Amino acid sequence: MTDNINSRQRRGLGKGLGSLIVSADAESGVNIDFTEIPIDKVTPNPNQPRIDFSAERLAELQESIKKDGLLQPIIVRPEGSGYQIVAGERRWQACKKLGYKTIAAKIVVVNDIEAQEISLVENLQRDNLNAIEEARGYQRLIDISGKKQVEIALSVSKNQATISNALRLLSLPDEIQELMFDGKLSAGHGRAILSIPDEDGRIRLANKIVDENLSVRETETLARLYGVNGLERAKRAASPRSYKIVARKLRQKLETSVKVTTVRGKNKIEIEFKDEDDLQRIFDLIENSQLETNSSIEFEAPIS
């Protein structure tokens, strides 16, 4: 059985991930084969590049494992009296939901940098990260390893231009990164928005893309208009600073994304919620608010 799993492992892993694991084993002097470990002794990696686990895709994986078994063991490293996941958190989550008591795992001894590289490569090869998750993963690798972009590119089997373009997305305003993270904007939209020099213009264009469901090509055309002659800036005045202050205060109070915008001449407050339970939570917060009737918002106060 172990030989069959090993064979699948060698075929399933890409060159980048496989070489990282082999290198880690060689450097540590440890080469532990696949084994079954208690699933409750396994904890997730807080630096996991993927933080947005699709419930639908997780359910599909769960059904696949239920039908065919776990074809690809997870990769873990020793931590305390248990193990920390290096790669394979989705498989671990699916197995837990199925009630598995143990899970097939390869135990490797790696440092934080090596674990981050393995986790990032594994996610890139198996289940595409969204553009912001990918960019943040690259940035974490740079931060913890001190490596240059060209070295990171070699580690994850990508060209340097791919790494550079991904990292540029992190210079977008937080509001736009949130839209990209939620799948409302693509990496192509993000790169087009980057051609606009000022932050307000970038945010206005991002909101327009979402409101009007613009394609990347349409966004690129609009971005040139924004950047060259300010046509859109003249047609659509920037939101007052007070709108941003109110949105920030509401985000803090309601613990969710809130936007105060003007769309087609109408002012709107948009409050984001995940599901019915989250909507009820937000409603309860608003209904039970103890704000005094004479309270007001100090619009001139700086945004913290």
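These numbers were taken from a predicted model, which means no experiment stands behind them.
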More than 12 heavy atoms of other residues, nucleotides or ligands under 6.0 Å from OH of Tyr100: yes or no? yes
Shared hydrophobic cluster for Val216 and Ile132 (ILVMFWY, side-chain gaps under 4.5 Å): no
Near Ile269 CD1, under 6.0 Å, is it more than 12 heavy atoms from other residues, nucleotides or ligands? no
When you compare the side chains of Gln280 and Glu276, does any donor N or O come within less than 3.5 Å of an acceptor on the partner? no
Spell out, as yes or no, whether a donor-acceptor pair under 3.5 Å connects the side chain of Arg202 to the backbone of Leu172. no
Side-chain heavy atoms of Lys259 within contact of Asn207, under 4.5 Å: yes
Taking Ile163's backbone N and O only, do any of them form a donor-acceptor pair with Gln149's side chain (distance below 3.5 Å, no angle check)? no
Where Ala206 and Ile176 come nearest, the two heavy atoms and their spacing: CB-CG1, 3.7 Å
State plainly whether one hydrophobic cluster holds both Val150 and Ile152, where clusters connect Ile, Leu, Val, Met, Phe, Trp and Tyr through side-chain heavy atoms under 4.5 angstrom apart. no
Take Arg281 and Asp275 through the test salt bridge (charged side-chain N to carboxylate O under 4.0 Å, His left out) and record every step on the way to the result. CA-CA 10 Å; Arg281 178 189 66 81; Asp275 49 33; over 6 Å; no
Rounded to the nearest 0.5 angstrom, the OG-NZ distance for Ser81 and Lys41 is 4.5 Å
Short side-chain to backbone donor-acceptor contact, Arg91 and Gln72, under 3.5 Å: yes
Are any of the side-chain heavy atoms of Ile193 and Ile209 separated by less than 4.5 Å? yes
Exercise: identify the closest heavy-atom pair between Val258 and Leu254: CG2-CD1, 4.4 Å
Whether Glu114 side chain and Asn111 backbone form a donor-acceptor pair below 3.5 Å: yes
Kindly write out the residues that satisfy side chain to side chain donor-acceptor pair (under 3.5 Å) with Gln84, not counting sequence neighbours, or none if the list is empty. Arg77, Glu79
Between Arg136 (side chain) and Ala131 (backbone), is there a donor-acceptor pair under 3.5 Å? no
Approximate separation, where rounding is to 0.5 Å, of Glu175 CD and Leu185 CG: 12.0 Å
Charged N-O contact under 4.0 Å between Arg140 and Asp112: no
Would you give the length of the straight line joining atom CD1 of Ile65 to atom NZ of Lys97, rounded to the nearest 0.5 angstrom? 12.0 Å
Do the side chains of Glu272 and Lys184 get close enough for a salt bridge, i.e. N-O under 4.0 angstrom? yes
After noting the C-alpha distance and the side-chain angles of Lys147 and Ile142, does the key distance pass the side chain to side chain contact (heavy atoms under 4.5 Å, CB included) rule? CA-CA 5 Å; Lys147 291 183 177 180; Ile142 291 172; 5.7 Å; no
Measure from the side-chain N and O atoms of Thr219 to the backbone N and O of Ser215, and report whether any donor-acceptor pair falls under 3.5 Å. yes
According to a 4.5 Å side-chain heavy-atom criterion applied to Ile, Leu, Val, Met, Phe, Trp and Tyr, with indirect links allowed, do Leu250 and Leu285 form part of one hydrophobic cluster? yes
Output yes when a side-chain donor or acceptor of Glu151 lies under 3.5 Å from a complementary backbone atom of Lys148, and no otherwise. yes
Between Asp198 and Ile196, is there a side-chain heavy-atom distance shorter than 4.5 Å? yes
What are the two closest heavy atoms between Ala223 and Ser195, and how far apart are they? CB-OG, 3.4 Å
Is there a donor-acceptor contact under 3.5 Å from the side chain of Gln139 to the main chain of Leu167? no
Any Lys/Arg nitrogen of Lys208 or Asp211 sitting under 4.0 Å from an Asp/Glu carboxylate oxygen of the other? no
Would you call Thr102 and Ile39 a side-chain contact if the rule is heavy atoms closer than 4.5 Å? no
Heavy-atom side-chain proximity of Asn267 to Tyr243 below 4.5 angstrom: yes
Answer yes or no: is there a donor N or O on one side and an acceptor on the other, between the side chain of Glu133 and the main chain of Asn130, under 3.5 Å? yes
Contact between Val76 and Lys106 at the side-chain level, heavy atoms closer than 4.5 Å - yes or no? no
Could you tell me whether the side chain of Leu70 reaches within less than 4.5 Å of the side chain of Cys95, counting heavy atoms only? yes
Measuring only between side-chain heavy atoms, which start at C-beta, is Leu169 closer than 4.5 Å to Leu194? yes
Test side chain to side chain contact (heavy atoms under 4.5 Å, CB included) on Glu218 and Leu222 and set out the steps. CA-CA 6 Å; Glu218 290 170 328; Leu222 273 178; 5.9 Å; no
Report the distance from atom CH2 of Trp92 to atom OG1 of Thr43, rounding to the nearest 0.5 Å. 7.0 Å
Atom pair NZ (Lys253) and NZ (Lys249), whose distance is rounded to the nearest 0.5 Å: 11.5 Å
How many angstroms lie between atom CG of Asn165 and atom OH of Tyr138, to the nearest 0.5 angstrom? 10.5 Å
Any chance you could lay out the side chain to side chain contact (heavy atoms under 4.5 Å, CB included) test for Tyr83 and Ile37, step after step, and finish with the verdict? CA-CA 9 Å; Tyr83 307 92; Ile37 60 176; 3.7 Å; yes
Quick check against the 3.5 Å criterion: does Ser186 have a side-chain atom that pairs as donor or acceptor with the backbone of Met180? no
